[in-house]
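In what follows, a single structure is set out as structure tokens and then discussed.
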Amino acid sequence: MNLPRPLRTAAAPALLTATALLALTACGSSEADSGSGAGGTVEIRIPDPGNSGVLALGKKDGSLDKALAKAGAKVRWTGSAGPFAPAAQAMNANQLDIATGSITSGITSLAQRPGFKFFTAVDPDAAGEGILVKNGSGIGSVADLVGKKVAVNQGGTGEYLLLKALAKAGIPAEKVKRVYLRPDQTAAVFNAGKVDAWAVWATYAVAEIGSGKTHFVADGAAIGSDNYSLNAVRTGFAEQHPGVVKALYRYLHDASAKEKQDPAAYLNVFTEAGPTAVTGKAKEVQTAFTREGGTVDAIGPQDIERFEDVAGFYAEQKVTPDKVDVATHLLDIEKLK
């Protein structure tokens, strides 16, 4: 049995979008390779953090570059928020050094000859992920999903949450229709009534719940989710610049603890208006999720055990053809120098 541990931060660094990946690819790896800037400073390529979170504030106030300067490094911001799969491809192609994703999307990417390793973990988001349904839908439990259509992102958090919820309820997976959609395309489909439910996480759930028209029929806690959020580093970068990776970890760990205490300070960092701003009820929802979240920590033995459980579950559910050996793709941040 896994013992409970303090939760970590629900907010995570932004990811690289498919559009940004194509732009990077068009530049060619030689142009996009990380290297030394003026005075021999190492550049670490991190996807642009957007308008919220610890990296957004670190970008605005310069605190991240200040922390990395002690290790002889600075950030080169590139890309923008998006799924982990294209970010993993960018790391594999030596076009990106850092990315964030869930253990679920990580496992499917690890099955593809990865060029990256995970070096931090954020405990599963018990409050901010789950199976979202509309108020008055008549879906009052996971059992009510039988015969219904549920939107999921294939091989990632959504598919995991749905399959995990069904398994816990003793419902065969084939009793529920999985509709594979990109997360950024799902809200319109869900709100148009073309699917009955949406297996989703906080990035997209906050706006929906904030509208006052939806709720989780089962959240991460009820599902028993082991869906950690992880930070990944390009293997070559970690080998060449372990001190920079360790400095980044320390910054994320310390900043995430501050964010948990004062979530509002990490929202709407650059603008309080427009599509990237979190406002109204959604702001209250996001603040509550972050307070209930945890901090970015080093990966420990109990985490690895739970990662392996997810990998085994994915193999059992035939999401992956075989069980992925997660442990061989992890870094012990405390041993980096």
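The first residue in the sequence is number 1, and the count goes up from there. Given the structure is predicted, the values throughout are model-derived calculations rather than measurements.
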Is there a donor-acceptor pair closer than 3.5 Å between any side-chain N or O of [X] and the backbone N or O of [Y]?
X    : Y    : result
T186 : R182 : yes
S52  : N268 : yes
N92  : P114 : no
N51  : T271 : yes
T320 : K323 : no
D262 : E259 : no
Q154 : L181 : no
S137 : K134 : yes
N153 : G158 : yes
K66  : D61  : no

Next on the checklist: Quick one, V152 with V179, criterion side chain to side chain contact (heavy atoms under 4.5 Å, CB included). Give me CA distance, side-chain angles, the key distance, then yes/no.
Outcome noted: CA-CA 6 Å; V152 303; V179 179; over 6 Å; no
Next on the checklist: Using 30° and 60° as the class boundaries, would you call the ring planes of Y204 and W201 parallel, tilted or perpendicular?
Outcome noted: perpendicular
Next on the checklist: Using 30° and 60° as the class boundaries, would you call the ring planes of Y160 and F313 parallel, tilted or perpendicular?
Outcome noted: perpendicular
Item to check | Stepwise side chain to side chain contact (heavy atoms under 4.5 Å, CB included) test for I107 and V326 | outcome: CA-CA 7 Å; I107 285 171; V326 180; 4.0 Å; yes
Could you grab the distance from atom [atom1] of [X] to atom [atom2] of [Y], nearest 0.5 Å is fine?
X    : Y    : atom1 : atom2 : result
L331 : I299 : CG    : CD1   : 7.5 Å
L162 : L145 : CG    : CG    : 7.0 Å
L64  : L57  : CG    : CG    : 10.5 Å
L230 : H329 : CG    : NE2   : 13.0 Å
D48  : L55  : CG    : CG    : 9.5 Å
L336 : E239 : CG    : CD    : 11.0 Å

Is there side-chain contact between [X] and [Y], with at least one heavy-atom pair below 4.5 Å?
X    : Y    : result
F289 : V206 : yes
V233 : H241 : no
S211 : K281 : no
T214 : V133 : no
I46  : T78  : no
D297 : V122 : no
I333 : T120 : no
L267 : K283 : yes

Next on the checklist: What verdict does the side-chain hydrogen bond (donor to acceptor under 3.5 Å, both in side chains) test give for T287 and T290, after you've listed the backbone C-alpha separation in whole Å, the side-chain angles of each residue and the deciding distance to 0.1 Å?
Outcome noted: CA-CA 5 Å; T287 298; T290 302; over 6 Å; no
Residues [X] and [Y]: side-chain donor-acceptor under 3.5 angstrom:
X    : Y    : value
S225 : N227 : no
E129 : T157 : no
S102 : S105 : yes

Salt bridge check: are [X] and [Y] linked by an N-O gap of less than 4.0 Å?
X    : Y    : answer
R234 : D97  : yes
D226 : R306 : yes
E208 : K213 : no

Taking all non-hydrogen atoms of both residues, which atom of [X] and which atom of [Y] are closest, and how far apart?
X    : Y    : value
K260 : R291 : NZ-O, 2.7 Å
V269 : A56  : CG1-O, 3.7 Å
Q317 : L163 : OE1-CD2, 3.7 Å
V195 : A151 : CG2-CB, 4.1 Å
A165 : V142 : O-CG1, 3.7 Å
K337 : P242 : O-CG, 3.2 Å

Item to check | Validation row, ring centre F84 to ring centre F116 under 6.0 Å | outcome: yes
Checklist entry - Is the distance between the ring centroids of Y228 and F307 under 6.0 Å? => result yes
Next on the checklist: Assess the residue pair F237 and N94 against the criterion (side chain to side chain contact (heavy atoms under 4.5 Å, CB included)); give the C-alpha distance rounded to whole Å, side-chain angles, the decisive distance to 0.1 Å, and a yes or no.
Outcome noted: CA-CA 9 Å; F237 188 93; N94 191 18; over 6 Å; no
Next on the checklist: Other residues, nucleotides and ligands only: do more than 12 of their heavy atoms fall within 6.0 Å of CD on E272?
Outcome noted: no
Checklist entry - Just wondering, are more than 12 heavy atoms of other shown residues or ligands nearer than 6.0 Å to NZ in K258? => result no
Checklist entry - Are E159 and Y314 close enough, and set up right, to give a side-chain hydrogen bond (donor to acceptor under 3.5 Å, both in side chains), and what steps lead you there? => result CA-CA 10 Å; E159 187 162 30; Y314 259 25; 5.5 Å; no
Checklist entry - Do V150 and W198 pass the side chain to side chain contact (heavy atoms under 4.5 Å, CB included) test, and can you show the C-alpha distance, the side-chain angles, and the key distance before you say yes or no? => result CA-CA 5 Å; V150 182; W198 182 6; 5.8 Å; no
Next on the checklist: As a test of understanding, state which of K168, E174, K175 forms a side chain to side chain contact (heavy atoms under 4.5 Å, CB included) with I171.
Outcome noted: K175
Checklist entry - With sequence neighbours excluded, what pairs up with D144 under the salt bridge (charged side-chain N to carboxylate O under 4.0 Å, His left out) test? => result none
Next on the checklist: Could you work out, with ring pair (Phe, Tyr, Trp, His ring centres under 6.0 Å) as the rule, every residue matching Y251, not counting sequence neighbours?
Outcome noted: none
